[in-house]
Each structure stands twice: as C-alpha cells, then as structure tokens.
Student: 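Below is one structure. I have some questions about it.
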Amino acid sequence: MLNVNPERFLADLHRLRDFGAAGVGKGVVRPAFRAPDIAAREWLAERMQAAGLVPRFDPVGNLFGLAAGPSLLIGSHSDSQPEGGWLDGALGVIAGLEIARAAQEAGGPAISVVSFQDEEGRFGVTTGSAIWGGALALEVADQQADGQGITFASARAAMAHLAGDFVDPGQFTGFLEMHIEQGPWLFEAQEAVGVVSDIVGIRDMRMTFEGEQNHADTTPMHRRRDAFQALGRFNAMINDRFRNVVTPQTVWTIGHVRLHPDAHSIVPGLAEFSMQWRDGDRDRLRRMEEIIHSTAAQVAKEMEMTVTFGPMLGLEPVAMDARLQAALRESAEAEVPGRWRSMQSGALHDATNVARLMPAAMLFVPSINGISHAFGEDTDEADLRVLAGAAMRAA
C-alpha cells in the first residue's frame with residue numbers, strides 16, 4: 001500500500017492554481033501556450049524532477065515525468081479554458097504526481113506522469129494527446145488556428161527551447177486519468193467517485209449561411225435574405241428532427257456565432273457558427289450528421305441562400321479498458337463503499353487518444369452543482385482525497 005500524502009497533494013494543486021489565477025473564487029485563465037501555461041509546465045517539470053522522475057517536453061508541449069523502466073502512466077492536462085476553474089485536468093496531473101511520489105518513496109511500483117497540451121481545444125480537439133496518440137498528424141495540427149488566427153505551429157514555437165523528441169508510448173503499461181465529472185450526476189446523488197465505462201464520440205465543424213447584406217431600415221421583411229434568420233430556422237428544425245434519433249444522453253450545441261457585418265442597421269449577409277454533437281454510438285453520430293446537412297440544405301434553398309461546411313473534427317467513442325475498470329471499481333468500493341457508480345463520460349478527455357496506444361481508464365469525482373469550465377468550478381477536498389486513494393490502490 002502506497003502512503004499518499006493528502007496535504008502535499010492539495011498544496012501542489014493549490015500552487016498550480018496560482019499560475020493564471022483570475023476572477024472570483026478559484027478561477028483560472030491558463031490557455032495552452034500562453035505565458036501562465038508555459039510557466040506552470042516549467043514548475044511541473046521541477047516538481048517531477050524533485051519526485052525522482054525525469055521530465056521530458058515533446059515537440060508539441062506535452063510534459064512527461066518518466067519513471068525508470070516500464071511504468072503505469074497517470075495524468076491529464078494542465079491548460080484551461082479561456083475562463084476555467086482550478087481543477088479540470090489539473091486535478092489528474094497533480095494526483096498522478098502525488099501517486100508517483102509515493103511510489104518512489106515506497107520503492108515501487110513504477111509510475112510516470114503526464115500533462116498533455118491543449119486538451120481544451122484552443123487549436124483543435126485534445127490537440128496534444130491527439131498528436132501523440134496518432135489521431136492527428138503534426139503537419140495538419142500546425143495549420144490549425146485559434147480564434148485570433150494564431151497557428152498551432154507559431155504558438156508551440158514559444159516552447160521550442162524546452163522541446164525534445166516524442167516520448168515512446170511503448171514504455172507504458174497503461175494509462176489512468178483522474179478528472180472532475182463536469183456534470184451534475186455524482187453531486188446530485190451525493191456519490192464520491194465515478195468509474196468511467198466509456199467516453200462519448202464528438203463531431204465538430206463550422207457552417208456558414210450566406211444571404212444578402214442590406215439596409216435594415218428600408219428592406220421589407222419579405223425581401224430579406226437574413227443569414228441570422230436562416231441560423232434561427234436551422235436551429236429550430238434540427239431540434240425537432242433529432243427528436244426520434246437521439247437519447248437523453250445525446251447533446252448538441254450551436255456556438256461561436258459570427259455575423260457579418262455585425263452592425264445595428266444592416267441585415268446580416270453572413271452567419272458563421274460552430275456545430276458540435278456528442279454521443280456514445282457511432283451510427284447515431286452519423287445519422288445526426290446526415291440530418292444536419294439535409295436540414296441546412298433545405299433552409300438555404302427555401303431562403304434563397306448558400307450554405308457551406310468546414311472540415312469535420314472529432315473523435316470516435318471509446319470504451320475504457322475492462323481490467324483497469326475492475327481495479328478502479330474495487331478501489332472505489334474499498335474507499336467509499338456504496339457511494340460510487342459506473343458511468344459514461346459525456347465530455348471528451350485525453351484518455352480517448354491514449355486508448356489507441358494502451359489500456360486506459362478514468363476516475364471521476366463530483367463537480368459541485370455540476371459546474372465546470374467556469375470560475376465557480378469546485379470539488380469538496382474530502383472527495384479529492386478519495387480520488388487519490390482510489391487511484392493509488394489501482395496503481
């Protein structure tokens with residue numbers, strides 16, 4: 001049995017929050033490759049070295065703390081949303097660090113740690129682990145740009161002085177990722193731990209309706225080719241058409257809307273927006289894509305507009321490793337008997353990509369009031385202790 005140190009674990013978790021601390025409560029602003037993110041990774045590298053691990057940065061900013069020989073890899077990501085909370089993936093990184101530290105002090109087992117880069121999608125979908133896991137080619141990722149037009153290639157150049165070669169995944173026997181649930185189910189049920197059965201698949205693309213820009217005061221309603229009205233009609237129609245296809249666990253979101261020319265007195269001639277949908281079934285994801293395309297085409301035809309579709313980004317649904325799940329279930333029952341559940345992850349995580357390379361599993365703790373990706377994100381520190389204990393048992 002490893003002797004994890006809860007106080008040391010929590011102290012490091014609070015220290016990591018200092019990098020990019022913002023807003024009220026425990027808010028964090030630490031997007032990938034921004035100065036707070038790079039500083040946090042350099043601090044993490046120092047903590048890994050102090051724990052007896054060998055820190056290694058790869059060309060895309062992923063940070064590994066390597067144990068000698070074959071090892072179990074534990075971690076997540078330390079970048080944040082543009083406005084995020086103190087836990088999210090940072091929890092899994094620090095939990096991995098504490099377990100690796102306890103293992104070093106006990107003389108084994110061998111535990112390595114990772115903080116993947118750009119999980120939060122400044123440049124794509126789980127960019128760092130997607131590249132390392134082989135789901136995304138580096139030359140493709142380098143062309144991806146953030147909302148300000150900065151490319152991944154130019155952003156990662158800020159860490160070129162730290163970068164080494166890619167780490168060989170063959171040295172790891174498996175992967176564990178600890179994370180807050182990012183939903184309300186554990187919190188509402190007053191349960192302490194969730195063992196993840198599978199991670200949903202995701203599809204994400206940009207769409208554009210192009211109508212006709214015109215004067216807002218003088219163009220009668222029946223003559224308008226208003227791109228925003230097309231977006232509104234599209235949204236209402238897909239909500240209705242999805243009804244007999246989706247399940248209560250299926251989700252879809254229209255976001256990142258940009259109108260042109262975005263002025264008070266001009267009928268918008270262009271509406272560009274993101275369309276994202278998630279489900280655990282590949283066939284349902286495909287059927288939803290078909291509905292999206294056919295509905296958009298119908299709206300464009302009826303409103304005398306054009307519609308265009310950007311490239312599709314996404315990952316397939318992934319089942320977690322059965323053996324590691326069993327170990328986590330056993331650990332959860334030992335730590336919090338009767339206060340845990342097996343559950344699907346509705347959010348995307350780095351484990352999706354790592355599962356392409358090795359057995360992978362995930363463990364959740366509650367998000368208070370189901371809040372995540374916001375400054376109000378939090379988890380009771382007693383539940384964080386349970387997480388460290390359960391992961392230690394599985395390791």
Side-chain angles (χ1 to χ4, degrees), residues 12-13 15-21 28-68 71 73-82 84 88-98 100-101 104 111-124 126-134 136-146 148 150-172 175 177 350 353-354 357:
D12 275 350
L13 195 54
R15 177 68 183 96
L16 181 54
R17 188 251 164 181
D18 290 339
F19 296 93
V28 168
V29 175
R30 196 167 57 228
F33 296 111
R34 300 293 190 192
D37 169 64
I38 296 174
R41 290 175 186 276
E42 291 178 322
W43 173 80
L44 281 168
E46 293 172 359
R47 298 300 284 160
M48 290 172 177
Q49 189 164 33
L53 304 172
V54 177
R56 283 269 303 277
F57 288 95
D58 72 10
V60 298
N62 297 323
L63 168 62
F64 292 82
L66 301 176
S71 61
L73 182 64
I74 302 179
S76 188
H77 64 96
S78 54
D79 63 305
S80 83
Q81 286 285 330
D88 206 289
L91 170 63
V93 175
I94 299 301
L97 175 61
E98 176 54 33
R101 210 157 28 199
Q104 289 276 348
I111 306 292
S112 294
V113 186
V114 63
S115 173
F116 289 111
Q117 181 59 293
D118 194 31
E119 192 273 353
E120 296 292 10
R122 179 184 170 192
F123 296 96
T126 61
T127 314
S129 62
I131 295 169
W132 188 66
L136 176 64
L138 179 57
E139 56 268 25
V140 174
D142 273 343
Q143 302 306 311
Q144 295 176 176
D146 67 6
Q148 287 72 50
I150 299 170
T151 65
F152 184 74
S154 61
R156 70 185 180 93
M159 294 186 66
H161 63 293
L162 300 170
D165 296 331
F166 283 105
V167 170
D168 179 9
Q171 64 190 287
F172 305 120
F175 176 65
E177 182 171 7
D350 290 309
N353 298 309
V354 182
L357 305 173

Student: At their closest point, which heavy atom of W43 faces which heavy atom of R15, and how far apart are they?
Tutor: CZ2-CG, 3.4 Å

Student: Could you measure the distance from the CZ atom of R156 to the OG1 atom of T151? Nearest 0.5 Å is fine.
Tutor: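 The CZ atom of R156 sits 9.0 Å away from the OG1 atom of T151.
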
Student: Going from NE2 on H77 to CG on N62, what distance comes out if it is rounded to the nearest 0.5 angstrom?
Tutor: 12.0 Å

Student: Atom CG of residue position D165 - does it have more than 12 heavy atoms of other residues, nucleotides or ligands inside 6.0 Å?
Tutor: no

Student: Look at the side chain of R30 and the backbone N and O of F19, then say whether any donor-acceptor pair between them is shorter than 3.5 Å.
Tutor: yes

Student: Quick one: pull up CZ in R41 and CG in D79 and give me the separation to the nearest 0.5 Å.
Tutor: 6.0 Å

Student: Find the distance between CG (D37) and OG (S115) and round it off to the nearest 0.5 Å.
Tutor: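 Reported value, rounded in 0.5 Å steps: 7.5 Å.
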
Student: Hey, what do you get for OG (S112) to CZ (F175), rounding to the nearest 0.5 Å?
Tutor: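 One finds 11.5 Å between OG of S112 and CZ of F175.
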
Student: Does R122 reach the main-chain N or O of A32 with its side chain, forming a donor-acceptor pair under 3.5 Å?
Tutor: yes

Student: Check side chain to side chain donor-acceptor pair (under 3.5 Å) between R47 and all other residues, then give those that pass, not counting sequence neighbours.
Tutor: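 Here the qualifying residues are D12.
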
Student: Enumerate, atom names and distances included, each donor-acceptor pair closer than 3.5 Å involving a side-chain atom of residues 90-97, sequence neighbours excluded.
Tutor:
none

Student: Taking only residues two or more places apart in sequence, or in another chain, which ones meet F152 in a ring-ring contact (aromatic ring centres under 6.0 Å, His included)?
Tutor: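 Applying ring-ring contact (aromatic ring centres under 6.0 Å, His included) to F152 gives F33, F123.
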
Student: Testing D118, D350, N353 one by one against T126 for a side chain to side chain donor-acceptor pair (under 3.5 Å), which residue passes?
Tutor: N353

Student: Nearest 0.5 Å please: distance from the CZ atom of R17 over to the OG atom of S80.
Tutor: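 If I round to the nearest 0.5 Å, the distance is 11.0 Å.
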
Student: With P169, which of V354, L73, L357 fulfils side-chain contact (heavy atoms from CB on, under 4.5 Å)?
Tutor: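 It is L357, the one option of V354, L73, L357 that forms the side-chain contact (heavy atoms from CB on, under 4.5 Å) with P169.
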
Student: Before you tell me yes or no, could you show the steps for T127 and V60 under side-chain contact (heavy atoms from CB on, under 4.5 Å), namely the whole-Å CA-CA distance, both residues' side-chain angles and the distance that decides it to 0.1 Å?
Tutor: CA-CA 9 Å; T127 314; V60 298; over 6 Å; no

Student: Could you pull out the closest heavy-atom pair between V140 and L136, with the gap in Å?
Tutor: CG1-CD1, 3.9 Å

Student: Minimum heavy-atom separation for A67 to Q104, with atom names?
Tutor: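 For A67 versus Q104, the nearest heavy atoms are CB-NE2, 4.5 Å.
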
Student: Locate the shortest heavy-atom distance separating F116 from G128; write the atom from each residue and the value.
Tutor: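 Shortest heavy-atom contact: CD2-C, 4.5 Å.
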
Student: Quick check: closest heavy atoms across L53 and P55, and the distance to 0.1 Å?
Tutor: O-CD, 3.4 Å

